[in-house]
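To keep things clear, I will list the structure first and then write my remarks on it.
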Amino acid sequence: MTKTSIQKQEAKLKEITQRIKNEKNRIEQRLGKQIINQANLDYASLSNDQIKSLSKKYPNF
């Protein structure tokens with residue numbers, strides 16, 4: 001393989017890795033929104049501490 005071929009493959013790999021991270025974040029955000037909606041919580045009233053507390057309780061369900 002030539003150097004440019006390897007560089008192209010590395011660029012593709014970085015792009016794919018970024019796409020995976022973006023998709024994972026999107027799914028996590030949607031899941032969080034669904035949990036908040038189902039629990040009838042108000043986004044504006046949640047503090048960071050409350051969010052952390054809820055996230056620790058969730059795996060127990």
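- Checked options Lys21, Glu28, Arg26; the residue passing with Lys24 is Glu28 (criterion: side-chain contact (heavy atoms from CB on, under 4.5 Å)).
- With 3.5 Å as the limit, one finds no donor-acceptor pair spanning the side chains of Asn25 and Gln29.
- Environment of CZ in Arg30: sparse, with no more than 12 heavy atoms of neighbouring residues, nucleotides or ligands closer than 6.0 Å.
- Here the CD atom belonging to Gln9 is positioned 10.0 Å from the OG1 atom belonging to Thr4, to the nearest 0.5 angstrom.
- You'll find the side chain of Lys3 stays beyond 4.5 Å of the side chain of Ile6, heavy atoms only.
- The pair Glu10-Lys14 fails the salt-bridge criterion, with no side-chain N (NZ, NE, NH1 or NH2) lying under 4.0 Å from an Asp/Glu carboxylate O.
- Other residues, nucleotides and ligands place no more than 12 heavy atoms under 6.0 Å from the CD atom of Gln38.
- Between the side chain of Thr17 and the backbone N or O of Leu13 there is at least one donor-acceptor pair closer than 3.5 Å.
- Between Arg19 and Glu23, the closest side-chain pair of non-hydrogen atoms is not below 4.5 Å.
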